[in-house]
4 protein chains.
Amino acid sequence: MEPHAFDLVIRNAHIATATDVFDADIGIRDGKIVALAQSLASGAEEIDAAGRWVLPGGVDAHCHLSQPMNDGSVLADDFFTGTRSAACGGTTTVIPFAVQKKGGTLEQAITDYHAVSDGEACIDYAFHIIVADATPHTVEFELPGLIERGYTSIKLYMTYDDLKLDDRQILDVLAIARREGAMSMIHAENTDCIAWLTDRLLAKGLTAPRFHGLSRPNVVEREATHRAISLGEFLDTPILIVHVSSEEATDQIRQAQSRGLSVYAETCPQYLFLTAADLDRPGFHGAMCICSPPPRDATSQQAIWEGLANGTFQVFSSDHAPFNYNDPKGKKVGGEHGNFTHVPNGIPGIETRLPLLFSEGVMTGRIDINKFVAVTATDPAKIYGLYPRKGTICIGADADIVIWDASTNITIKNENLHHNVDYTPYEGRPLHAWPAVTLCRGVPVYQDGQFTGRAGYGAFLRCERPTPAKPKPNFGKSTPWLDIL
Amino acid sequence: MEPHAFDLVIRNAHIATATDVFDADIGIRDGKIVALAQSLASGAEEIDAAGRWVLPGGVDAHCHLSQPMNDGSVLADDFFTGTRSAACGGTTTVIPFAVQKKGGTLEQAITDYHAVSDGEACIDYAFHIIVADATPHTVEFELPGLIERGYTSIKLYMTYDDLKLDDRQILDVLAIARREGAMSMIHAENTDCIAWLTDRLLAKGLTAPRFHGLSRPNVVEREATHRAISLGEFLDTPILIVHVSSEEATDQIRQAQSRGLSVYAETCPQYLFLTAADLDRPGFHGAMCICSPPPRDATSQQAIWEGLANGTFQVFSSDHAPFNYNDPKGKKVGGEHGNFTHVPNGIPGIETRLPLLFSEGVMTGRIDINKFVAVTATDPAKIYGLYPRKGTICIGADADIVIWDASTNITIKNENLHHNVDYTPYEGRPLHAWPAVTLCRGVPVYQDGQFTGRAGYGAFLRCERPTPAKPKPNFGKSTPWLDIL
Amino acid sequence: MEPHAFDLVIRNAHIATATDVFDADIGIRDGKIVALAQSLASGAEEIDAAGRWVLPGGVDAHCHLSQPMNDGSVLADDFFTGTRSAACGGTTTVIPFAVQKKGGTLEQAITDYHAVSDGEACIDYAFHIIVADATPHTVEFELPGLIERGYTSIKLYMTYDDLKLDDRQILDVLAIARREGAMSMIHAENTDCIAWLTDRLLAKGLTAPRFHGLSRPNVVEREATHRAISLGEFLDTPILIVHVSSEEATDQIRQAQSRGLSVYAETCPQYLFLTAADLDRPGFHGAMCICSPPPRDATSQQAIWEGLANGTFQVFSSDHAPFNYNDPKGKKVGGEHGNFTHVPNGIPGIETRLPLLFSEGVMTGRIDINKFVAVTATDPAKIYGLYPRKGTICIGADADIVIWDASTNITIKNENLHHNVDYTPYEGRPLHAWPAVTLCRGVPVYQDGQFTGRAGYGAFLRCERPTPAKPKPNFGKSTPWLDIL
Amino acid sequence: MEPHAFDLVIRNAHIATATDVFDADIGIRDGKIVALAQSLASGAEEIDAAGRWVLPGGVDAHCHLSQPMNDGSVLADDFFTGTRSAACGGTTTVIPFAVQKKGGTLEQAITDYHAVSDGEACIDYAFHIIVADATPHTVEFELPGLIERGYTSIKLYMTYDDLKLDDRQILDVLAIARREGAMSMIHAENTDCIAWLTDRLLAKGLTAPRFHGLSRPNVVEREATHRAISLGEFLDTPILIVHVSSEEATDQIRQAQSRGLSVYAETCPQYLFLTAADLDRPGFHGAMCICSPPPRDATSQQAIWEGLANGTFQVFSSDHAPFNYNDPKGKKVGGEHGNFTHVPNGIPGIETRLPLLFSEGVMTGRIDINKFVAVTATDPAKIYGLYPRKGTICIGADADIVIWDASTNITIKNENLHHNVDYTPYEGRPLHAWPAVTLCRGVPVYQDGQFTGRAGYGAFLRCERPTPAKPKPNFGKSTPWLDIL
């Protein structure tokens, strides 16, 4: 008997990449896409995708799993539950953060993070490095080696006392990133403005969740965004601004791109689907929506949608930062016994990221299907050095594929989600699309409404140098101060 | 004996689309791409592309072939010589213009244009419609039918006495384009400024070719660009600004896109590779570079490069408008016996378009290979309703494919070009890339340095409604004045 | 007995100029300010201004009096009633328009306008020239002579069938204005957009007054403003955009000024105190607020206030265009028997201009007293060549002075106004300031709540070349195309 | 014998204020302007100013005199020599800086500064306060009292190790300035960028003066300017950016003003008349032009000129920071024995400030005479609470008056200047204007080419709350985060 030509064939796929839309059968062997054709020979397994969008599996480039917290709070999701949830929502790769402790080394951060992730993930994963203690040892000695070893993206914070770097430290890291070709991600909020205002709010007894939003107004994000852009421009090196929330910050980024700078940007579902009003939900439920930057207003939501459509944003991530509401150290207790600064900071969203954008973005016409693929999969894969292994459907790529059911009517209920969190901020929201099947390297990890993966299936990914971090002509923006160094 | 699986297989192709880069064999049958795989069965013909970029054939969305001129000048290229030249430069689809006569109908224009193109073209072609006489009959009666029949892009002129429409006429056409889903292309220069200045220059005896450039300063283009954008915004309908030449016009377009408007833009090689100085070449040779808008300065060149890189421009066309230099009605004679207004207006470039951009854009790192594919093939195909038949390499697409030789060192010489013009403005410029093979629907039309096509091979293409012309949320830019009509 | 040193002394004046605030006695002789001192000798007449602001008399640089209308409507105010009303509101100089007829000469327009104004005006007056028929005779022959004779400002319309010029005609006029040093005022609305939309609204039966506003959306004003700026930039000559109403047009002007262009701008009370909602007043009363451009929304009101405060606007005029509501050819009848296009276009406001701005601008702190003086008197006087005779309080200036009562509480009622119109759009609005005394060349024309002037007192003023129209370095905005002409 | 009506009469003055130009006699009594008239009675002294501009004496709002330096360098000018030099150049008021020591109090700084200035100054003077150690005691306790006592402007540094405040400290000070109505001046350069780059330049041995300029590129100033604006916006309080040097920073300021923010700005002669090339003068002479921010290029010079003309800048100061070139601790020695960081930082210019701007600004037409008065005298007087005592010519103002000779041809030579510095960076530059007479409170301090003042004549001025620091409507830029505090 003739052996099957493929391990798996997806028949009649209506495929979209970040640029194309076409119909084909997909042939998969050894976890890779090896053939695309109008008609393929048989596979050991076959799936008929007739009538359905078949897209690259999502790359969630910003999520927090099993990350040690310095404030005593505990992330609700570890690598198993987090990636399980991701898989069920159409994501096949996650890039959480290996965080350096103040006083600690990056090496230790990496080692520890492998320890908690090895054998746990259900889908593939890479690490971003958070540099929280920019000592010469860390910056000059550790970073180059780690970049070489496949940890090619560095996250820098401009706020949070346990994580923030000052401008000089940021420059030190950016300079190494430039030399070594790494990508620098920046959390851009002016920490001093937030601290100044928070102190006064608390002194006034203004402790409710909604004051979290008020303590970080748009100008705080705009200032830091402009500063981050300036530091990148000063050193002629690419940066990516994470979780952009406001019209003002979006404008700064757009202007920088218009001037020819290599400035990239990410946004998240919470800035499209939540507003400041959600921080004032009855009872203490506003705490469920506390994250930083905070959700803004309808004007900023609109600006974020436009930014997705016109190319200002390249990356759409979840910033999944899962904390239970009712835990002893959860959002409710932390907040009720103190104030908004005691509410663990972040919201869950790793599973709902793609369905929300598909349903409210693609199906409403706000963005087209190619843009959806670009911002959820292809561009993050490119920016973080995972392309073409991840993020697209082409010959040679991993068979990370999602078959979408876009003719469904469901309602988001936390009881149906697969994370380990006791709420979702999107409870009750109707959706019109959800994955039918999620394949990770050709293996279904979600199918027929069930998680079908297993802990340990997910492989660690060493990242290449990000595509856009490579030297490129800076279009006449001369930096003579760098040329002579 | 088993029949071959494919008519043609391209082996070991290093393929780029507008988003992807991957290695595969390409299987072609009946002129279409039917398989992409790591290893394909045999083809009746095979080409080994090892080590070479394999890209979609170029779509030249702006070129003038066999177009009747109202000023007595004669285009040097007809459908045969023009498409021959295109093919030899890696282009597989052209979209020239069926031009309405003042007092004539669109139907006649279309009929006449088919008459001169039928059986002549070596590669596939579609028609843009030039509306030069926006009568109610033309606009309300003819246009809808023609759009329905596959002529879905309309070009409007804001200058040239025999072609220009006033704002009211433009609005009338845009309104139909909006209703019918057609794409409107606009030549944006303020005709009154040009006329005012030209009259004074000539009165002063300032007749040399360089005064052509001086007669159309940047502000003339910026004004008309802003006006065209405003007219499109007023009617909430997409427009595309053709042949953008200056930093100022680019800025207007970028700002409009940043505001969420559906404004598209095209630029051309002459705005990257020529400057105003070329209009002042010794003797009367400056006439060789006379086109409108005219080449600008280094600052604008830089802005155009940036606009290609950051997505401001979606289309890179030749605006091939071929006139001989030495003909009785050519550029030299016309000019010498009169002044710059008597020089036939336009320059050839249908064959050099892609090699120039590949060599100076991709190989220098100014743009990446995906962007090259996007602006030379995919995006024009989408914008003009030819996608996915044209403009990309995917299953089901026409096998319009170019295998590039990017390890060559050649010098542009007119004697080596295949157009019917007696000069090229780029004579002597060194290049590092040129097509090795151009396939149109699987058939080589250029190979081994030889034109291998034939007149009549090229097929006429009926265009679909352009992708981006479909209704989309206008992101809060309310147009209550339209909502009630 | 020693003769009095002065004809009139104003004691204890709290004076503001466009820059200064100080206390002094003002000595007036022969209608001129001849002394300012802490203590002056006696005057034949004396007025004690203790505790009151003493400001330059207003210059209303945009009002329509006794102007022949081409549409059969009739202005309600002639030079007598119009200037009487102006005087009672603190204005001492008006600059209405001598309008050329299509087919007529400027000379005839001037002659006719002198005929209706001679002996009629209660305060001083100059003429703007409206060029409505830009023939070579008018532009090249008449204009230079008239400018020389003291008619130094030219108004150009981009809309209205009986008045509008096309771009070429505007250029012809601007070129003469540049050469002769005149100031060009431009009514900036895109006439084709308005006509296109109006036709469709009427065809739909949408005839109510509010559709007047809808027929001229902001983009229509923005486009024409950008175009007017571009034409001025093309010819390197100053322009002034009249009656700016929208945020978008304001932005265009601000950007032009930021680039160093000599672009001036005017706004009017209706854009601060009315909105589109006023066009939808019950019954047909919306017609009372029909003017062009139409009142906008709160966002544009805010932008106009900001533009006054930050210097974008130099001139605050009334655009007084008085039509009765109940006349046989008035706003009510014209509209009811037809549609919004039959409503005479314009609103009265020559008397309320200054009290509205003083009360709502100065007394609320939106602008300071110096800015009030600048935009209502000094800057218009400079821009139109009347300075220093008019527009300020300094030695040698005409004694055009207003003593303000800023401790009053009144309500605007049409019955108390001195124009000849049967309504005011501001009926019922509370005010906190009104002139106590208006002096024109030292003679009270309004005092103790009574008009105290007389027809024929007002003198015709020949204007000098406007101050800002003089050549100045254009800060690097080279115009090589002009340098060689 | 009848007593003279006035102590001094200036006859036939051709007077300009920030808005007016007129001819009058000026009557002065007790050091104040008490009368302006076409013809005045006699004065005990009389000066005929026929044919000459008579302007308000200059207010130099940014100069360093007798200021203790922390780096061992010594200012060459004390209150006597510095104000002598100022007077000879047409300045009648200076506002140098009382600088707090780290660890010291403001009270001590004020006390010490009075000690070195009492009895020394030849013209009037006020103090700005430099807050260099923003302790709670200083900010919350000392500042309010000092503001109340007439020290109403506070200078904050974003760079220099001995002076800089971090963002939090700046916010603390701005918050008090807001509450108390003081004006905050900010030196805006990103200190970390400068330090990062300087370290690397020095490590490379790049120590020459020109590397001082290279170590502080435009982006460094732009970033800090945007940040300062953001901090002011965050707290809804006015700020003034001092010594703006670059196009980029000017753009940021202009944009902020366009958005309606209360952002003021100052520039200085060195940014109009020097460029980076001057830092590379032969030998070590480039050190003569070392100041911060450094002189830029021709593009920025142009932008600064435009900013003066279009109102972006309100203040034109000298930033006189006088260091000898040849002293043991002077610019030459400091630099030669070390590197550019050892060159005392600053340049002299207190005497040449006004003649340079008059000659190159007014006489070339770049700015008009009113703008000259505004930026050199009136606006600084208003912004720093000295108006109307200082900064204008009006009744009641101090008789600080300069009679200009604008028909001279002189060449700047250090030997002719009256400062105590051994060079001027403008040596050899031709000028066409210089003061003929400088009067301070009616007394000539410079006349007939001679200094005619005396140490101790100058009086200390207590400043009022600055005019523009008063609350004003913020035009819809809501700051709800402040409203609830």
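Both backbone and side-chain heavy atoms feed into the values below; hydrogens, waters and symmetry mates do not. Remember, it's a predicted structure, so these values are computed and weren't measured experimentally. Below, chain A is the first sequence line, B the second, and so on; all start at residue 1.
Residue with the most contacts toward chain A among B/Asn370, B/Thr250, B/Thr392, B/Leu36: B/Leu36 (heavy-atom pairs, distance under 4.5 Å).
Rounding to the nearest 0.5 Å places CD of B/Gln38 at 10.0 Å from CD1 of A/Ile33. With rounding to the nearest 0.5 angstrom, the CZ atom of B/Arg259 is 12.0 Å from the CZ atom of A/Arg254. Atom CD1 of residue B/Ile395 and atom CG of residue A/Asp23 lie 10.5 Å apart, to the nearest 0.5 angstrom. A distance of 6.5 Å separates CG in A/Asp379 from OG1 in B/Thr19, rounded to the nearest 0.5 Å. Distance check, rounded to the nearest 0.5 Å: SG of A/Cys394 to CD1 of B/Ile393 gives 12.0 Å.
Shown here for B/Asn310 and A/Gln257, the closest heavy-atom pair between the two residues is ND2-O, 3.3 Å.
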